[in-house]
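Lettering follows sequence order; numbering is per chain, from 1.
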Amino acid sequence: MINKVVANADEAIADIMDGKTLMLGGFGLCGIPENCIAALVKKGTRNLTCISNNAGVDDFGIGLMLKQHQVKKMISSYVGENAEFERQLLSGELEVELIPQGTLATRCLAAGYGMPAIFTPAGVGTEVAEGKEVRNFDGKDYLMEYAFDADFAIVKAWKGDTTGNLIFRSTSRNFNPIMAMAGKITIAEVEELVEVGELDPDHIHTPGVYVHRIFQGKDYEKRIEQRTVRKRD
Amino acid sequence: MINKVVANADEAIADIMDGKTLMLGGFGLCGIPENCIAALVKKGTRNLTCISNNAGVDDFGIGLMLKQHQVKKMISSYVGENAEFERQLLSGELEVELIPQGTLATRCLAAGYGMPAIFTPAGVGTEVAEGKEVRNFDGKDYLMEYAFDADFAIVKAWKGDTTGNLIFRSTSRNFNPIMAMAGKITIAEVEELVEVGELDPDHIHTPGVYVHRIFQGKDYEKRIEQRTVRKRD
Amino acid sequence: MLDKNGIAKRIAKEIKDGYYVNLGIGIPTLVANYIPDGVNVVLQSENGLLGMGPFPLEGDEDPDLINAGKQTITTLPGSAIFDSAMSFGMIRAQKIDLTILGAMEVSENGDIANWKIPGKMVKGMGGAMDLVASAKNIIVAMQHVNKAGESKLLPTCTLPLTGVRCIKKIVTELAVLDVLPEGGFKLLERAPGVSVAEIREATAGKLYADDDVPEMVID
Amino acid sequence: MLDKNGIAKRIAKEIKDGYYVNLGIGIPTLVANYIPDGVNVVLQSENGLLGMGPFPLEGDEDPDLINAGKQTITTLPGSAIFDSAMSFGMIRAQKIDLTILGAMEVSENGDIANWKIPGKMVKGMGGAMDLVASAKNIIVAMQHVNKAGESKLLPTCTLPLTGVRCIKKIVTELAVLDVLPEGGFKLLERAPGVSVAEIREATAGKLYADDDVPEMVID
């Protein structure tokens, strides 16, 4: 089997240069590639375009990169809960492109499945439709939306093997598998890196063919954004 | 949880009337819905349009339905290994539409994901492209192909729970999960029907929302089409 | 006049046995508390879950298990997890029977605005545009008038749209209304103690009301 | 002149460490037997498998585990199973580094015909049209001439096409050839004991050959 293992996050992101387009998995702070984000902050790569459903919070996730002014443009569906983001946006330091969440997801899928464009009704008749081709199928209007073209996809999985097969845990799956498919180069950090043969082929969410580098992550903080609980009796 | 269980194949297919369009999962004889096919043969439903990657063999799979002249039209990617099929085709009794395998699969996916059409380069410049819209993206030509519109999808899974969640085993997965998503009504027969809670939510291949009826199958023959082996020393 | 829980209770009566339901943030979330016994529903969370359960017991929070509002939640037996493409795939393919969401404005022809206020920080539409454009059955749960006392049921929306001609039913603290296919709001039910005149007063868009509009029955 | 195994052996030398490879039915399948030690490859089977292994030992056949030729096979450690949409998704997205397949005809401009003979029973294209239209790197493994002694390397294909302008390399019992971007076959290597004249004789399409064409080295 082909071996994709690199030593750590620093090695995994070493060739991500200024000005590149990155996809970053996760929904809110759930399932984000914490190690790679930390390494990107350390490396200080700038002028990045980041495709990610959200933009982290002030002191975690992509928020850490925003604070260091590493991000030129965010492509997201929802960017709340981040004061520094708001400040940079209002001051014109940061560009933002807001995309319906399903369109964001499906444009990832399209890239991973070699489909140059897809049709979705989301945004028809709204400002999202501006400049886009509208096409009617069977009486309903759809927008044509293009596959993403990202230099790197950076994802976080629960388990992965040395050949790059990935398994995600619970709702930390979210955008991770579809971004993993969509990157020209895909980097996966995992909570547990195992040898080939340890993962059941029927349980693999992302086949290794989509993954170019994998490493054993460490010190996962897994911060909770909205801790909601029921009282114990 | 919502309960989708029906007693058996006869009940599951009871409302499949003459002239309907059915998707049938499986690749060759691997992962085919044996019980439902037997029930359809017994019921004698006719003039069916069957979307299935293959057409079975003379005495198994969809071949059994062909023998009873129940199929008006086959939509497949490969229909070899079936003498009765060939006879009916040549005599004009049977209509056949051949579709590239990836196009077949992606037209299922499109239906399951609410995408009215997809783009694929498969068939560009060939007779498959006749009458179809060709569109150039980034210097490459693609055909626009439409989502399937099937009245019923009939699939076979390894395990399923009472709310319709499905798990497939090994390469018997093939077309089953994408057809399960694509049917207006989806019927799943399973080797093992379990209670809700017995399947790991992270291992589900087809979420129950896509499945309308499920039943415990029986007497699986699982015929092998090409038995290829290595000699033991 | 209903409080938020009253609105949620009334909406819960629209949910039928066997429904797959997507609940938006705010009042829609409360609907889950009022689903009648014997009505089996599966809640979808568009970040990739079918079979959402209640909040976890204190100490049982799992950072890998959240809903689309980023709240820690639980799963119920029979739940399934999937990626965001499949999640919006099933939404777009209309496999979700009912979507309940909030709104800032709804127009006579069923347009909805609920994501952007010009001049204010725009946080994004999240999954709202996908949901309203795709759902076969959407109920809007909202206050009848905004904080400035202006009607949110309008001839045309003044705010940037989330979707066009997609809303079919509205439940507010005052009333249950249908959006008519030919345009206009049809008053179906009054909140307890609320008169047709009060509802008409609070509705800027065209309102159709029969002489005898029944009062809501909430359990 | 090579036999089928010779063709497979020569093609195996084109496979680089780390390649994901799709092997068609026939001679391409034989290539798996000649992948050099130390060259790690993963074989894809388009019915939904990465990490295909050899045929099972007698008695170990699993009806749920077959390849795209419907043969019983095994998986290797590190394999992954997926549905047919993902399988052709990764093919279309050019994640497969090399595709090797047979052909009835190849034309000077890289067109290929391998699925249909007018007047004969048509079994279908299976995955061939997807593979040839999508693959970034395709090698055709075939006999140089057909059973009637006619060249299969033609100015233009006479049979219905499988794909256009997609073939870049051909290995036959006589030669290794590139299809030039501007059209025409470029002779790269001769099979042991085969002359350029013999190859020219067997090639109906335009053939470019240097004065000194090396013989294949197939250890």
Is it true that C:D83 and A:R173 have a side-chain N and a carboxylate O under 4.0 angstrom from each other?
no
Qualifying residue, where the test is side-chain contact (heavy atoms from CB on, under 4.5 Å) with A:S172 and the options are C:I81, C:D64, C:N47, C:D62
C:D64
Measure distances from C:S45 to the heavy atoms of chain A and classify the residue's part below 4.5 Å as side chain, backbone, both or neither.
neither
If I measure from the heavy atoms of chain C, does A:N54 come under 4.5 Å with its side chain, its backbone, both, or neither?
side chain
Chain C heavy atoms under 4.5 Å from A:R227: which part of the residue, side chain, backbone, both or neither?
both
Any donor-acceptor pair under 3.5 Å linking the side-chain atoms of A:T106 with those of C:R92?
yes
At a 4.5 Å cut-off on heavy atoms, which part of A:E97 comes close to chain C: side chain, backbone, both, or neither?
neither
For C:P56 and A:T228, work out which heavy atoms get closest and say how close.
CD-O, 3.2 Å
Which distance, rounded to the nearest 0.5 Å, do you find between the CD of A:Q226 and the NZ of C:K70?
8.0 Å
Under a 4.0 Å threshold between the charged nitrogen and the carboxylate oxygen, would C:D60 count as salt-bridged to A:R232?
yes
Decide, yes or no, whether a salt bridge links C:K116 with A:E127 under the criterion of side-chain N to carboxylate O below 4.0 Å.
yes
Region of A:L89 that comes under 4.5 Å of a non-hydrogen atom in chain C:
side chain
Region of A:F85 in contact with chain C, defined by heavy-atom distances below 4.5 Å:
side chain
Check each atom of C:N67 against the heavy atoms of chain A and say whether the ones under 4.5 Å are side chain, backbone, both or neither.
backbone
Nearest 0.5 Å, what's the CD-CD distance between C:E46 and A:Q101?
5.5 Å
Side chain to side chain contact (heavy atoms under 4.5 Å, CB included), that's the test. Do A:N53 and C:S84 meet it? Break it down for me.
CA-CA 10 Å; A:N53 189 57; C:S84 299; over 6 Å; no
Shorter than 4.5 Å, heavy atoms on both sides: which option in C:G89, C:G59, C:G127 has the most such pairs with chain A?
C:G127
Answer yes or no: is there a side-chain heavy-atom contact under 4.5 Å between A:T103 and C:M129?
no
What part of C:V122 is in contact with chain A, defined as an atom under 4.5 angstrom from a non-hydrogen atom: side chain, backbone, both or neither?
both
C:P63 versus A:K222, closest heavy-atom pair with distance:
CB-O, 3.4 Å
When C:G126, C:S134, C:P160 are compared by non-hydrogen pairs under 4.5 Å with chain A, the top option
C:G126
Restricting to non-hydrogen atoms, name the atom on C:D130 and the atom on A:G102 that form the minimum distance, rounded to 0.1 Å.
OD2-N, 2.8 Å
Comparing C:A133, C:A128, C:G163, C:G48 against chain A, the one with the most heavy-atom pairs below 4.5 Å turns out to be C:A133
So CG of A:L98 and CH2 of C:W115: to nearest 0.5 Å the spacing works out to 5.5 Å
Tell me, for C:A113 versus chain A, whether the close heavy atoms (under 4.5 Å) come from the side chain, the backbone, both or neither.
neither
What I'd like to find out is whether the side chain of A:F27 reaches to under 4.5 Å of the side chain of C:I66, using heavy atoms alone.
yes
